[in-house]
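Indexing begins at 1, ligand by ligand and atom by atom, following the structure's order. Please read all numbers here as calculations on a predicted model, not as lab measurements.
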Amino acid sequence: MSRTAKHLTFFVTFMGIAALTAIGLWKCLGEDPMLVRDTRTRDAVMGTVAETTVVVRADQSHLIDKAHTAAARAMRDVEARMSVHFDHSELAALNAAPAGQFVPLSSETLDLLRRSRELTQRTDGAFDPTAKPLLDLWRHAAEDGRVPTDEEIRLAQEAVGWEHFDLSPQDGPGVVKYNDSAQIDLGGIAKGHAADKAVKAIRHVGCRGGLINIGGDMRTFGQSTTGQWVIGVQDPFRPDSPEPLLRLGFNDAAVCTSGHYHRYFEIDGTRYSHIIDPETGWPVDVAASVTVVAEDSATADAWSTALSVLGTAGLPLAESQDALEALVVVGNEHDHRLYMTTGFNAFIIDSQDNHSDERTIAAEWRRPPTIGTVTP
Ligand code: AMP
Ligand code: MG
């Protein structure tokens, strides 16, 4: 499919939903008696909680167990291959290898590394899994209760970059490092990839629809029992509140949110994000949360990390990508603003603005001035 055609399909699907929503039809649809849905939660999947919802035809309830097993297996498989925390993962072997040693990798892991390298280029270096030496430096410094020195940051940065890796070595499918200290952390894309793989697995089993949510990285497909899938974007200032910041509606889409309200570390009473800007070598502080909608979850995941680095300044770049929409929330609890790409609005079916809330929500449905020059 051509880029334009692809973009158009994405756009038309969501415009269709928006129109349906506008006339309030979805609320009247109710539960479809021909379909049943079943949700199960698993702890400790890729360091977070995974929730799987499967939808099957009412006369095919025997598929439910099979689908959950297939989804769990898909997630576990990604974790076993790509986790930096499992000593025996493919990625751990790559990270432990000295320069010059050929490290064989499965085509799945190699494909994700190549995709990641392309995403590093697309995001102007903001999403960069080779930043692991920097991530480790900050983690160790935090354990010692101190901020790394400029010299330590500079040294770690020297080992960051895809130029330290040969992803197409002569020996076959695998990687050769050029630098002993070079390492990769796929934490910014692996959850998304796992959600994509789990959706593929439940689709293969014969489900009519499904939703995979791995710690805020979500992928939906097909039908929910009420028509479209409705997803709440967590309020970054009240993460434990049952009331989401926004409700979004989808059929087939991926939605990922990055925010440092859940995952952060503390040094001397100051909170630092778990996302590092590879250019400055420092944890990011430009957005309260970032939500990205894309066709697949790996893409949405990587861009949510990238836009956490770039903040609203990255919205023109996001705007220029096919089939990618983004929301960046900036500010604080008392005064925050929502910035989004042109197409994001089409997904919104409900926002806190619609409720009388005691808080002053300065949500502005406008884009920042920097993005005004971009032609949608
Ligand atoms: P997410 O969970 O999608 O917000 O991604 C955050 C995770 O990605 C972190 O826990 C790190 O493992 C990794 N990470 C942090 N900074 C970056 C970066 N600039 N590029 C790629 N991955 C990163
Ligand atoms: Mg991410």
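Geometrically, ligand 1 and Val309 share no nitrogen or oxygen pair separated by less than 3.5 Å. In terms of polar-atom proximity, Pro278 is not counted as a contact of ligand 1, lacking any N or O under 3.5 Å from an N or O of the ligand. The distance criterion of under 3.5 Å between nitrogen or oxygen atoms is met by Asp128 with respect to ligand 1. Looking at ligand 1, you'll find an N or O of Thr305 within less than 3.5 Å of one of its N or O atoms. At a 3.5 angstrom cut-off on N or O pairs, Leu135 does not count as close to ligand 1.
Glu90 and Thr109 share a side-chain donor-acceptor pair at under 3.5 Å.
In terms of heavy atoms, Gln228 sits closest to Ser224 at O-OG, 3.0 Å. Nearest heavy-atom pair across Cys256 and Met218 is SG-N, 4.3 Å.
Protein heavy atom closest to atom 4 (O) of ligand 1, with residue, atom name and distance, is Ser258 OG, 2.8 Å.
Aromatic ring centres of Trp138 and Tyr272: separated by under 6.0 Å.
Among the atoms of Asp217, no N, O or S atom falls under 2.8 Å of the Mg ion (ligand 2). Using a cut-off of 2.8 Å, one finds that Ser258 contributes no N/O/S atom close to the Mg ion (ligand 2).
A distance of 13.0 Å separates NZ in Lys66 from CD1 in Ile64, rounded to the nearest 0.5 Å.
Within 6.0 Å of atom CG in Asp268, 12 or fewer heavy atoms from other residues, nucleotides or ligands are found, so the atom counts as exposed in its surroundings.
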